[in-house]
Amino acid sequence: MKKIMRSVMGIIHHHKNEKCLEELTRYRCMASVPFGGRYRLVDFILSNMVNSGIANVGIVTSINFRSLLSHLGNGKEWGLDKKHDGLFYLPTAARNDVRNLRKVDLEDLYANGDYIKESKQEYVIITGCNMICNIDLKKAMTFHLEKQADVTVIYKENYRFDAPDIAGNVFVETDENRRIRTVTTRYGKRRTDKVSLGIYVMEKKVLLDILEDCARKKKWDLVKNVLSDKEKDIRIYGYAHDGYLAIINSVNSYYKHHLDLLEPRTLQELFLEGGEIYTKMKDGPSTKYYDVSDVRNILVSNGCLIQGKVENSIIYRNVKVAKGASIKNSIIMPKVEIDEDAVLNGVILDKYVYVRKGARLVSDNQLPIIVGKRGVV
Amino acid sequence: MQNKKQCIAMLLAGGQGSRLRVLTKNLAKPAVPYGGQYRIIDFSLSNCANSGIETVGVLTQYKPQLLNSYIGIGTSWDLLCHNGGLNILPPYIGEAGGNWYRGTAHAVYQNMGFIEKHNPEYVLILSGDHIYKMDYSKLLDYHQAKKAGITIAVVEVPPDEASRFGIMSTNEEGRIVEFEEKPQNPKSNLASMGVYVFNTECLLSYLEKDVQDPASENDFGKNVIPRMLNEKERMYAYAFKGYWKDVGTIESYWKASMDILDDRTPLNIFDKNWGIYSLNSSLPPHYVAGSARIKNAMIAEGCLVYGEVENSIIFPGVVIEKGSKVRDSVVMSNVRINGNVKIEKAIIGENTEVGDGSIIGGEYSSEEYSAGGIAEDPKITVVEDNLQLAPHTRIGVLIRMKRADSKLSEVAGV
């Protein structure tokens, strides 16, 4: 069964709304936004692809792609540093148009049409990079073949959004045979509660036809111009993902889903039960807890020195928490240093932030306070 | 270091380390896990990488499978380069048959071809089973300045321990005037670290002489160095200041592990300028639950901690369930400690599962096992890897057990 995935190539397109994470995407694209204590957003879908048996992955870069390149390199950690196939970078065709954000920008794919045509795989799975899940794409592929669909969309039923995070998502309606009759960006229009994961399975031939058609019409959005167009008569089916899903499209969802990981069930399901989630390897010692530390309900990466009080928080690599400091409900990224007696609650500190002795930063509402890279508090 | 290309390292990693008992039952001593994240050989390999030594031959012999797959081609230590890099050198046969490595000197002698191929000016001889951070380029600079045939790195040891080591006496300019292997009455406390830098020609000629000598045990410390001293070779001692530990026994392994937890230990593994590299996994960060209590401990990635941990080293992927207490112990990778377990002053081998309510170490009283014929109270309890300990197992001593069976089949004090 794994063999079938050798005839599938993966394409990860970049998230067009890079402003949605505010300060966090100032120096990086969505794909390389840190998540889960040691990962980047792209690690999840890329690992899912590799674990499902896909060996040829093209990744469409945004303009802001320096950190993505340094993170993925030649794909060694994902087993993609190969003589045949492997990991390919596909430069974006255009700057993001913030007034008319494309869901899946086919212009980017059209611009990299050579790569798609030259790849020997017959099928293609197109995904975004902002879904956190551990999914076996082989099952979706089998479903696609069984249904003889033109396009299969992977969706999640009963996904719970906080109100502000609904906008910008794609929803589908399926009939009893899982055939999709409606693809829409409007939530609740027909009481639909099936959100698309933004994962689309199709034959490469179908994609190439779509690309040619788009090129003629100069309409480049897979969702808005192709799949929602009823006149096109495309056989679209929906494959349901039952496992954990987090869609990251705002500071609120980023913060909330980060803290989801403090639920051991979620942690197990996402990291320990399905396929392994790979990431760039970093060296370093384990984390050291001192006598004076006081910690509970936290997720901590390697290389930290912890002397303070830490609760309900995610701590990335090489973070130092000095004596008397107190951290609650926060996300602390690599190489942050928190000096003595500082008090933090409901904050996201980006890499290299320094928190001075006795400093106090407390969010007074549900939304976290973000301190950008190299900030000083 | 301007002459880095002129020096290659030969790393001796074939030792069994029999005094580490069950810890080396399935692997060579350099592959023994240490410090929560490493294997012992990581220190020497990282020292090479950090000192600018690009060509390293690793001589393996005793149970090398795990070691071989662990070090691979040296990528984890940045020892991958054109025309050099890391090479594993096992014993081999040629047209005239072959030999196991008889001793440290013989192992290097058997690989003269490797040395000659790279044709360096100097050869650094290292041991893969020591824990230390050392800049070999400084040793090499010293060696060149002294125009020595061999320079031996030495470290000061407490006088009462000196009889465990090869002990040097030097004159005022550092030249070695006397060398005794494990002397009864040591005349100094400068112990050989088993780190030597040789002029290549000097090394080759003494190895040749050594192999011709039927009485020789083909060991650097016992044979080659005394012979060089007899023949009035220019031999110098290089005093190394810093933490250095040869973890020869269970006792010293445990102590060296506890040293990692002590900030006063002059071995800073958090130092970014001299990183210790290792083969890493992509496990998620470790989780510390609300029910957990952690005091003075190192915890690696992939662990799930619901119980209490104090003064301990916890390797990756360990689960410690609620109600369990781990104190003064080393728990290796992927061990599962079920609920209400008590572990004290113990070393738990990889992948072992400890059943509910078990007591390991600590609570031991000699009367309980007097029927087993143990004379003295054991100090450290070692539990082998890949065991399934049934619930309510009680172990107070080094044990060897049948797989999937928690009845004692061999009991011995440490």
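In the text below, chain A, chain B and the rest are named by the order of the sequence lines, each starting its count at 1.
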Review point. What are the two closest non-hydrogen atoms of A/S286 and B/G35, and how far apart are they?
Key: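 Looking at all heavy atoms of both residues, the closest pair is OG-O, 4.2 Å.
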Practice item. Grab the two heavy atoms, one from A/K288 and one from B/L261, that are nearest each other, plus how far apart they are. Key: NZ-O, 2.8 Å
Exercise for review: With chain A as the partner chain, list the residues of residues 302-320 of chain B whose heavy atoms fall under 4.5 Å from it, by residue number, and write 'none' if nothing qualifies.
Suggested key: B/L304, B/Y306
Review point. Counting a contact as any heavy-atom pair under 4.5 Å apart, which residues of residues 268-295 of chain B contact chain A?
Key: B/I269, B/F270, B/K272, B/I276, B/Y277, B/S278, B/N280, B/S281, B/S282, B/L283, B/P284, B/P285, B/H286, B/Y287, B/V288, B/A289, B/G290, B/A292, B/R293, B/I294, B/K295
With a cut-off of 6.0 Å (strictly less than), are more than 12 heavy atoms of other residues, nucleotides or ligands near [atom1] of [X]?
X	atom1	value
A/K156	NZ	yes
A/K328	NZ	no
A/K256	NZ	yes

Point to revise | Spacing of B/N296 atom CG and A/Y289 atom OH [to the nearest 0.5 Å] | key: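 Between atom CG of B/N296 and atom OH of A/Y289 there are 13.0 Å.
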Practice item. State the CH2-CG distance between B/W77 and A/D283, to the nearest 0.5 angstrom. Key: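 The distance works out to 9.0 Å.
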Just so I understand: if I count every heavy-atom pair under 4.5 Å between each of [options] and chain B, which residue has the most?
options	result
A/D291, A/V300, A/I315, A/L299	A/V300
A/G284, A/S301, A/G37, A/P285	A/P285
A/I298, A/N312, A/I314	A/I298
A/E77, A/R296, A/Q268, A/K282	A/R296

Review point. Is chain A contacted by the side chain of B/T75, its backbone, both, or neither, given a heavy-atom distance below 4.5 Å?
Key: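 The answer is the side chain of B/T75.
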Review point. Does any pair with a residue in residues 315-326 of chain A pass side-chain hydrogen bond (donor to acceptor under 3.5 Å, both in side chains), and if so which ones, sequence neighbours excluded?
Key: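 side-chain hydrogen bond (donor to acceptor under 3.5 Å, both in side chains) check on residues 315-326 of chain A returns A/H258-A/Y316, A/R317-B/E301.
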Check your understanding: Among all residues two or more places apart in sequence or in another chain, which pass the salt bridge (charged side-chain N to carboxylate O under 4.0 Å, His left out) test with B/D328?
Key -> none
